[in-house]
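Data first, discussion second: the structure below is written as structure tokens.
All values below come from the heavy atoms of this structure, side chains included, with hydrogens, waters and symmetry mates left out.
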Amino acid sequence: SPFRRNTPKPQTFQQLTELSVKLEHSKRVLKTADDLIGYQEEIHMPVNVMGVHATNGVYNTTIGILLTLAVLAVEGFSSGGLAYDNAGWSSYTTTGVEAE
């Protein structure tokens, strides 16, 4: 492997102990680096919509409700001639009241 150093293999117990200490130190350094990298994202002062954290779902639902209410309000106040029968079907009339 090109990353392996050409270091002599330990021959004595002392050399083996020194190598073991170096490896333990390297292991602690790598563990600390891994702990620092694997952080949780901190959310500071999140935006709230009606007391709920504004996630994508809450945002989309709120916008959907507001747009639906706006469409219903425009339809209800317009004199476009839409009338509804007893079954709930809509029909277009010129006066806004369905002729019989």
**Study point:** Set of residues satisfying salt bridge (Lys or Arg N to Asp or Glu O under 4.0 Å) with respect to Lys31, sequence neighbours excluded
**Key:** Asp35

**Study point:** Donor-acceptor contact below 3.5 Å, side chain Thr61 vs main chain Gly57
**Key:** yes

Check your understanding: How far does CG of Asn60 sit from CD1 of Ile65, to the nearest 0.5 angstrom?
Key -> 11.0 Å

Practice item. Decide yes or no on side-chain contact (heavy atoms from CB on, under 4.5 Å) for Thr12 and Gln15, but give the supporting numbers first. Key: CA-CA 5 Å; Thr12 65; Gln15 290 174 338; 3.4 Å; yes

Check your understanding: Would Leu67 and Tyr59 show up in the same hydrophobic cluster when neighbours are defined by side-chain heavy atoms closer than 4.5 Å?
Key -> yes

Study note, to complete from the structure: From the list Leu66, Val71, Leu72, side chain to side chain contact (heavy atoms under 4.5 Å, CB included) with Thr68 holds only for Leu72

Exercise for review: Give, for atom NZ of Lys27 and atom CD of Glu24, the distance between the pair rounded to the nearest 0.5 Å.
Suggested key: 5.5 Å

**Study point:** Approximate separation, where rounding is to 0.5 Å, of Leu30 CG and Arg28 CZ
**Key:** 11.5 Å

